[in-house]
Each structure stands twice: as C-alpha cells, then as structure tokens.
Colleague: 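This is the structure I want to talk about, given as structure tokens.
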Amino acid sequence: MQKDGFSPKEIIPIVNSVTAEINKISLDKQIRELEKLAPELLKKEKKERDFSLPALPGAEKGKVVTRFPPEPNGYLHIGHAKAVIVDYEYAKKYDGKFILRFDDTNPENAQLDFYDAQKEDLRWLGIEWDEEYRTSDNLEKHYKLAEQLIKQDNAYVCQCSPEDIKHGRYHGKECTCCGTGCGDNLTLWKQILNSSLDDAILRLRGDMTCDNTAMRDPTLFRIIDKPHPIHGDKYRVWPTYDFAGAVEDSLSGVTHPFRTKEYELRDECYFKLLDSLKLRKPHLMEFARLSIEGMPVSKRKIKPLIENGSVSGYDDIRLPTLRGLKKRGILPDAIKQFVLEQGISKVESSVTFGLVEAANRKIIDPNAKRYFFVRDPIKLIVENAPDMTKKINLHPGNKELGSRTIKTGKTFFIQESDIKELKVGDVFRLKDLYNIKITEKKKDILAEYDSDKLIPNSAKIQWTTDKHIKMNVLVPHPLFVKDKYNKDSLETVNGFAEEAVSNLKTGEIIQFERFGFVRIENVENKIIGFFTHK
RNA sequence: GCUCCCAUAGUGUAGUCCGGCCAAUCAUCAAGCCCUCUCGAGGCUUAGACUCGGGUUCGAAUCCCGAUGGGAGCACCA
C-alpha cells in the first residue's frame, strides 16, 4: 500500500467502515454478491507442499561443498541418514561437491571393519560421493598447524591432571601451565611428539572466564598410545574433534558444514581456531538430532541387548540401523523422503516410525505382489468342492505383475479369527474362488460349496490349500517402551503361506493380503518373513 | 548451578529473517463416506494448533521484554 502511495493509517478507517457496512448484510447475500463480483475468491485451492531443502545462505551454484564425517566406529543408523542425506542433497541442489570424510582421530574408537561397512551402508542409501579421505591421513598437516598456533602463542602445553583441568574449567581458573612462554611450549610440544613427554595435552588459549565453557582452553591434541586401524603405531598424538573438525572443513574446501545441535556451543571455538590459523571460515550450520519413538539409536542402549542376545545383531529388524531397516523391507527412497519431510529444523522432536512406514508403503504398494497367508490356521473341509485350477492376479491394479495358478480340492486352511463371528449356515467367500456355507463348526470347519457369483458385502477371506508352506513371520514392535527394553518387542507369527511363496527370492517385498507387507528371505528353501508394516 | 538452543493440531512440519495476501501449509494419525473380490492402495469429507503474560504498531504466529516448558553443553568422545 505504501509503495503505491497509500498510507495504511488513512485507508484502514475507510476499510473498517466498509466492512462494518457489509457485515450488516446477511451471509447468504454476501456470498451471492461475491459470486457475481469475484467468484474466484470463494474457491480455496489446495497448495502443494514443496519438500525441497530451503536455500543455503551464501550459496552459489557450482561452488557449494558439503561433507559427511562419520567416525568409523559402528554401523550407520537413521540419524546418520538424516545428516548424510541433507549434506548430499545440498551438494546436488547446487551442483556442488560432496565429500565423505572418515573422522578417525581416536584410535580407541576407530575400527577397520567400519570404514567399509559404512560405505556399504551409504551406497545402499543411494549416496554417491565425489571425494573420500580419512582425517587420520592429514596428521602431519595438523602437527604443523599446531606448531603455528604455539608460535603465535595461541596454544600451550598443559601437564595438569585431568581432574585439575576439569576443576579449573568449572571455576574459570587458569592453571600454571598457562603461563609457559611460547618458546618453552614449542619445546614441550616437540617432546610430546617424540615421546619424551607423557601426560600432557595441547590446549587452545581461549578464555578461562568465558561464559561459554567450551571456550575455556579446550584440548586440541592428546596422547593416545593405541594402535590405529590404518596407521598402526605411527602416531601417538591425536587431534580432538574441535581441532580436526574445524581444520578439515576449512582445508578440504567445505563451504556449508552441518552438524547436530549439541555442538552449537563449540561454534565459537571453531571460528576462533580458524581465525588464529588464518584459515577460511565455512558457513557452519546446525540441526536437531532425529529421534524415533521406541527406537533408540545409541550404542549405549543397543550394545547390551546384542550382547545378552535380546537383539540378534545390528541388523535386527527392531533397530533403526540402516541394516535393520533394510532387512525389514524399508526402501532407501522412503528414508530419503522421510528425512526431507523432517527438514533441518532445530526443534527437538520425537517422530513416530509411522511416518517412515507411510513413505515406504507409498513406494512399495504399486509393485508388491499379493499372496495369501493364513496365520494360526485351522482346517476347512468343503464336502462337495469342485476340483478347480484357478488363476489369480498377483496385484489388483498392476497387471504386469502377472498371476499364479492354484489347484483346489476339498481341503483348505483358513484363519480361525476370520470365521469366529460366523455361525453354521452363514455364507462367506474364499477370496478369488467361490462362496461356501458353513455346515459344522468343531475342531475342523465343515462347509459346502454354495455359489460362484460374488455376493456384495460378503466376507472374503484368504486361504491356502493342503499344498502350502509353513512359514514364520517375525513382527517387530517397539524395542523400548517408557525407556525400558520391551521383552515383547519381537513377535513370531506362525502360519501357512500359499505354495507360490516358496519361489520368492531373498529381498522381495510382498504383501500378504489383510496381514501386511513382508520382506522375504529364502535361504536354502527355508522361507522366513520379516514384517515390514501394515 | 552456569551458559546456549528451541517452542505452530495427537505426532511431525511450512510460514518467523524482511509484520498485512495466515480465515495458518502439507503429511501422518483419528472418524465417516465412496471405490475395490485384501483390513492394502486410491478418491472425497470431517475433526484438530500459533505455550503464557506484557509491550511496539492502524495491524503480530512473525518484532521487543518477561515468564513457563523442553533439550543440549560444561571430556584428553565425536
């Protein structure tokens, strides 16, 4: 309004008086009038939500560099997936570069197997990286930068005990090492490197009185006398995350590094360090950790369960590890969509797994073959049943999936709960076959052929013949309930599946009608199912 | 305890930077109807939210102050 030369102050009273006048007219009349004047205003159109990531500050096409820096100390889980998908998608969005960097600067944590395991997990997720390296390969470079810091008097060697350091930090008090001159610090540092000095660390000269406790002279390097999975005994002095993270982001050209919110307090340290080293400062950003109800991600919680056998391993279908999700039948694209739906907000939230399921269902439904599975089966004898050979489609809509042929006789198996409500004389339909009438209900169910024509609104239930395969489906439930291990978290459903299921291969995700989607594993003709979701 | 971050339907999220087009988005969940030889999918409909209190302004979800609630950090782990 102001742009067009109108002042709101002058116009609003006029608008108010006009609306007051119009509001005297009845609503019906108002609507009729509006229909004449501007019918388009009466329609409310649905807006589509756009799931693409918000624009990155200071980003230029072709010049964005992101990175995913896992520590090779475990299998990747959905939390990692969030980080890596955000990193990767941003690089793609801006035609930039995406780096996979192994932050393996703690030989106590890093394990050889996990470098490859994590890459395997990432490939499964559909992530491709333009560059890959290990932080541990750059240690010499880090030592040089440390020396530079010492020479500039931005860092010093501290020989206090961990307890004293902690104490000093807590109370904002400098320790005596802080007063050491830079020449001496350089000597001490060299002694640390050549192993003639133990029990010492290199600290940044921050500000011991700073409100931000992360700035109270954080540790930059420490001695860890343990063989490294890649470098063996070559090094004993290792940079901490504060040092290595900042330096690597800068040196490798990362423009937009993301990390989770718990690092926020360390931002100041990150920038101070790069400032002191006169290194380029990336545009650091944070987002909240992803947590899923009943599915904790922390090794602290999961490891004991694996060790005591409550959980089969890191690929257990109750776990939010990528391996667990894969085994259960969750597709990478579903994870990706789910993550992008969540976005990169800083709000702490706990999401239901139902959102992952909903995304997955939309992807698999159009292509999942339909089969019959009867849980807790009971026998059904249809006395005068015609022998039939019946071709049944594998999908109600997608004809390309073809069909299977089932021969039927007198004997069937059906699910007890399906006919619990039915009495002798009731008619129901064996789905895709014919209608039968119950003649007797005892241990077995006796029935007679009734008719062929579909009866509207009659019950249609799934069945198998006496040629079926026995199979178990493992059904996951929340692993934790109210923060405690749920001992009913894994249910085994016993049942009969129709014969055609025996031809399925490991990895196929199918739907057992009225039961749910199931991922099949077929090992040496032993079929087992993992319940994906409803 | 100190410091920092966050606050929109049951859940998650858009909008908040830059106040008006917000009578607040979308998804999920729930309920109902239609469709379907599955309780799946699809279609339609309904229900449901700006934490609270002040202030600034003609006008606040949006800006300011305060309170409350939640989370994180205070490691020689990342």
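In what follows, every chain begins at residue 1, and chains take the letters A, B, ... in the order their sequences are listed. Side chains included, hydrogens not; waters and symmetry mates left out as well; all remaining heavy atoms used.
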Colleague: Polar pairs (N or O, both sides) under 3.5 Å between protein and nucleotides 1-8 of chain B?
Modeller:
| unit_1 | atom_1 | unit_2 | atom_2 | d |
| --- | --- | --- | --- | --- |
| B/C5 | O4' | A/Glu264 | OE1 | 3.4 |

Colleague: To check you understand the geometry: which heavy-atom pair defines the closest contact between A/Asp217 and A/Arg169, and what is its length?
Modeller: O-NH2, 2.8 Å
Colleague: Relative to A/Phe372, does A/Arg404 satisfy both conditions: NZ or CZ under 6.0 angstrom from the six-membered ring centre, and within 45 degrees of the ring's axis?
Modeller: yes
Colleague: Below 3.5 Å, can you tabulate the donor-acceptor pairs from side chains in residues 450-461 of chain A to any protein atom, sequence neighbours excluded?
Modeller:
| unit_1 | atom_1 | unit_2 | atom_2 | d |
| --- | --- | --- | --- | --- |
| A/Ser451 | OG | A/Asn435 | ND2 | 2.9 |
| A/Ser458 | OG | A/Ile455 | O | 3.1 |

Colleague: Both atom distances under 3.5 Å, Watson-Crick or G-U wobble: I'd like the secondary structure of RNA chain B as a dot-bracket string, with | for pairs made across strands.
Modeller: (((((((..(((.......[.....))).(((((.......)))))....(((((..]....))))))))))))....
Colleague: Within the structure shown, what part of the strands sits under 4.0 Å from A/Asp418 by heavy-atom distance: base, sugar-phosphate, or nothing?
Modeller: base
Colleague: For residues 286-295 of chain A, run the donor-acceptor check on the side chains, cut-off 3.5 Å, and write out each pair with its distance to 0.1 Å, sequence neighbours left out.
Modeller:
| unit_1 | atom_1 | unit_2 | atom_2 | d |
| --- | --- | --- | --- | --- |
| A/Glu286 | OE2 | A/Arg259 | NE | 3.3 |
| A/Arg289 | NH1 | A/Glu262 | OE2 | 2.5 |
| A/Ser291 | OG | A/Ser349 | O | 3.0 |

Colleague: In terms of the angle between their ring planes, are A/His468 and A/Phe496 parallel, tilted or perpendicular, with boundaries placed at 30° and 60°?
Modeller: parallel
Colleague: Given B/G40, B/C37, B/U28, which nucleotide is nearest the side-chain atoms of A/Lys362?
Modeller: B/U28
Colleague: When we call it a touch if two heavy atoms are under 4.0 Å apart, what does A/Arg370 touch: a base, just sugar-phosphate, or nothing?
Modeller: base
Colleague: With sequence neighbours excluded, tell me which residues meet side chain to side chain contact (heavy atoms under 4.5 Å, CB included) with A/Asp198.
Modeller: A/Arg236
Colleague: Which nucleotide sits closest to the side chain of A/Thr219: B/C76, B/U13, B/U28?
Modeller: B/C76
Colleague: Going from CZ on A/Phe517 to CD on A/Glu357, what distance comes out if it is rounded to the nearest 0.5 angstrom?
Modeller: 11.0 Å
Colleague: Which class fits the ring pair A/Trp238 and A/Tyr235: parallel under 30°, tilted 30 to 60°, perpendicular over 60°?
Modeller: perpendicular
Colleague: Phosphate oxygens OP1/OP2 of B/A75: is one of them under 4.0 Å from a side-chain N or O of A/Thr240?
Modeller: no
Colleague: Within the 4.0 Å heavy-atom criterion, would you say A/Ala214 contacts the bases, only the backbone, or no part of the nucleic acid?
Modeller: nothing
Colleague: For A/Phe517, report the nucleic acid contact type (base, sugar-phosphate, nothing); a contact means any heavy atom under 4.0 Å.
Modeller: sugar-phosphate
Colleague: Using a cut-off of 4.0 Å on non-hydrogen atoms, how would the nucleic acid contact of A/Glu286 be classed: base, sugar-phosphate, or nothing?
Modeller: nothing
Colleague: At 4.0 Å (heavy atoms only), tell me whether A/Arg289 reaches a base, stays on the sugar-phosphate, or touches nothing.
Modeller: nothing
Colleague: Identify whether any heavy atom of A/Ser458 sits under 4.0 Å from a base atom; if not, whether one sits that close to sugar-phosphate; answer base, sugar-phosphate or nothing.
Modeller: nothing
Colleague: Scan for salt bridge (charged side-chain N to carboxylate O under 4.0 Å, His left out) pairs involving residues 156-167 of chain A, sequence neighbours excluded, and state none if there are none.
Modeller: none
Colleague: With nearest nucleotides of RNA chain B determined for A/Lys460 and A/Ile344 from heavy-atom distances, which residue corresponds to the more 5′ nucleotide?
Modeller: A/Ile344
Colleague: Would you classify A/Arg429 as touching base, sugar-phosphate or nothing, given that sugar-phosphate means primed atoms plus P, OP1 and OP2, and contacts are heavy atoms under 4.0 Å?
Modeller: base
